[in-house]
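To start, the structure under review is shown below, and the notes come after it.
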2 protein chains.
Amino acid sequence: MARATGCNLETIRYYEKIGIMPDPPRNTKGYRSYDDAHVRRLKFVMRSRDLGFTLEEVRGLLGLVDEQSRTCAEVQVIAEDHLTDVRAKIADLKRIERVLSDTVARCTGDAAPECAVIDALLEA
Amino acid sequence: MARATGCNLETIRYYEKIGIMPDPPRNTKGYRSYDDAHVRRLKFVMRSRDLGFTLEEVRGLLGLVDEQSRTCAEVQVIAEDHLTDVRAKIADLKRIERVLSDTVARCTGDAAPECAVIDALLEA
DNA sequence: CCTTGAGCCTGTATCAACTACAGACCCTAG
DNA sequence: CTAGGGTCTGTAGTTGATACAGGCTCAAGG
């Protein structure tokens with residue numbers, strides 16, 4: 001399954017340990033054997049993680065997928081909360097980018113011991 | 001110093017333990033006593049962390065501050081590397097934001113069990 | 001003088017989300 | 001028969017803190 005999905009082997013077992021993935025059936029030698037349902041579930045997890053959902057959020061989404069009674073409205077709440085988080089992180093990083101690039105732009109980049117970056121960090 | 005800088009007490013001791021802050025002198029009862037130089041250094045660390053430098057990067061910057069021979073060019077390399085990282089993170093988050101907001105926009109938000117978000121995550 | 005509350009001390013455990021072993025077993029090809 | 005790869009379990013390490021537990025010290029109030 002690691003090869004089929006590109007997911008790290010250890011990560012799959014980690015997901016199993018924390019209950020994100022179900023305990024798979026084992027063959028006589030104790031080797032795990034996975035089927036299509038496992039692969040689909042893992043891909044779901046990987047896509048969710050890739051979109052920045054935490055494992056707890058993924059757990060919530062999986063719970064909604066598992067029970068047939070889930071509603072679009074429930075999923076929407078989780079996704080919109082997450083979207084708000086993502087937008088806040090972008091705003092933060094943009095502020096950092098602005099400050100950094102302004103400061104670096106004042107760097108002469110020469111061998112002098114004066115540096116605008118250090119000065120900015122040292123300023124009260 | 002925690003009060004003077006707004007830095008969490010435990011964090012200051014953590015910085016001391018990992019060598020970001022020097023071991024301060026102690027009074028007879030073993031209490032740490034800090035002076036202005038400590039406060040300035042901590043503020044430097046806090047501002048650097050706030051700009052997203054890792055503690056290892058902060059350690060590098062502090063090393064350059066400590067030795068008089070540091071050059072603007074050395075600092076510039078660290079800052080520009082970091083700026084590249086920050087820009088990459090922004091690009092990543094923007095991609096996520098796009099996918100998420102497109103998907104959420106297709107949510108009806110009603111009580112139906114069909115949901116565009118789940119569908120998007122389930123798609124191969 | 002005694003108590004109470006606050007502050008400081010050390011050391012360890014916890015968080016997220018993995019990753020990286022160690023040491024053992026199993027299986028296949030040459 | 002052996003060498004290599006794969007799998008198994010279980011534990012420790014990563015980053016950047018934060019949260020105690022259990023103990024000492026100190027100043028103010030009664």
Side-chain angles (χ1 to χ4, degrees), chain A residues 1-35 38-39 41-62 78 81-82 85-86 88-89 92-93 96 121, chain B residues 1-35 38-39 41-62 78 81-82 85-86 88-89 92-93 96 121:
Chain A
M1 187 156 74
R3 268 191 308 277
T5 58
C7 184
N8 188 314
L9 189 58
E10 317 268 33
T11 304
I12 296 173
R13 304 212 264 244
Y14 170 71
Y15 287 162
E16 181 182 321
K17 199 170 70 185
I18 64 171
I20 288 282
M21 291 295 292
D23 289 12
R26 306 288 186 120
N27 71 13
T28 46
K29 296 297 173 198
Y31 284 29
R32 290 165 179 83
S33 71
Y34 295 107
D35 61 17
H38 290 102
V39 173
R41 192 182 178 93
L42 180 56
K43 283 187 176 170
F44 180 97
V45 175
M46 290 171 74
R47 269 189 294 270
S48 305
R49 291 288 302 124
D50 192 47
L51 288 179
F53 288 99
T54 66
L55 282 176
E56 284 318 297
E57 286 168 329
V58 175
R59 208 188 287 277
L61 289 170
L62 284 169
I78 297 180
D81 279 1
H82 180 54
D85 283 359
V86 169
K89 271 183 203 138
D92 260 20
L93 284 172
I96 289 170
L121 290 170
Chain B
M1 187 157 73
R3 267 190 309 276
T5 58
C7 184
N8 188 313
L9 187 59
E10 318 268 33
T11 303
I12 296 173
R13 304 213 264 244
Y14 169 69
Y15 287 162
E16 180 183 321
K17 199 171 70 185
I18 64 171
I20 288 282
M21 291 295 292
D23 290 11
R26 307 285 187 122
N27 71 12
T28 47
K29 294 298 171 197
Y31 284 30
R32 291 165 178 82
S33 70
Y34 296 106
D35 61 16
H38 289 103
V39 173
R41 193 183 178 92
L42 179 57
K43 283 186 177 170
F44 181 98
V45 174
M46 289 170 76
R47 268 188 296 269
S48 304
R49 291 287 302 126
D50 192 46
L51 286 179
F53 288 98
T54 65
L55 283 176
E56 283 318 298
E57 287 168 327
V58 175
R59 208 189 288 278
L61 289 170
L62 284 169
I78 297 181
D81 279 2
H82 181 53
D85 283 0
V86 169
K89 270 183 203 138
D92 261 19
L93 284 172
I96 289 171
L121 290 170

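Throughout, a chain's letter reflects where its sequence line sits, starting with A, and its residues are numbered from 1.
Closest non-hydrogen pair, B:Leu55 versus B:Ile20, comes out as O-CD1, 3.7 Å. Contact between B:Arg59 and B:Ile18 at its shortest, heavy atoms only, is NH1-O, 2.9 Å. Considering all non-hydrogen atoms of both residues, A:His38 and A:Ser33 come closest at CE1-O, 4.4 Å. Closest approach of A:Glu57 and A:Phe53 over heavy atoms only: OE1-CA, 3.2 Å.
Interface remark: the A:Glu56 side chain does not form any donor-acceptor pair with the C:dC15 base, using a distance-only criterion of under 3.5 Å.
Distances shown here put every side-chain N or O of A:Arg13 at or beyond 4.0 Å from the OP1 or OP2 atom of D:dT9. For B:Thr54 and D:dT15, the shortest distance from a side-chain N or O to OP1 or OP2 is not below 4.0 Å. Regarding contacts with the backbone of D:dT18, a side-chain N or O of B:Thr11 is found under 4.0 angstrom from either OP1 or OP2. For the pair A:Tyr15 and C:dC18, the criterion of a side-chain N or O lying under 4.0 Å from OP1 or OP2 is met. In terms of phosphate contacts, B:Arg59 brings no side-chain nitrogen or oxygen within less than 4.0 Å of OP1 or OP2 of D:dT15. Neither OP1 nor OP2 of C:dC8 sits under 4.0 Å from any side-chain N or O of B:Arg32. Side-chain N/O atoms of B:Arg26 include none lying less than 4.0 angstrom from OP1 or OP2 on D:dT25.
Separating the OH atom of B:Tyr14 from the P atom of D:dT14 is a distance of 10 Å, rounded to the nearest angstrom. Distance, B:Asn27 CG to D:dC26 C1': 11 Å, rounded to whole Å.
Comparing atom distances between the A:Lys29 side chain and each of D:dA17, C:dC26, D:dT25 picks out C:dC26 as nearest. Checking D:dT7, C:dC8, D:dA19 against the side-chain heavy atoms of A:Tyr31 singles out D:dT7 as nearest. Comparing C:dC18, C:dC8, D:dA17 by their nearest atom to the side chain of B:Leu55 picks out D:dA17.
Nucleotides of DNA chain C nearest to B:Lys17 and B:Arg3 differ in position, and the one nearer the 5' end is that of B:Arg3.
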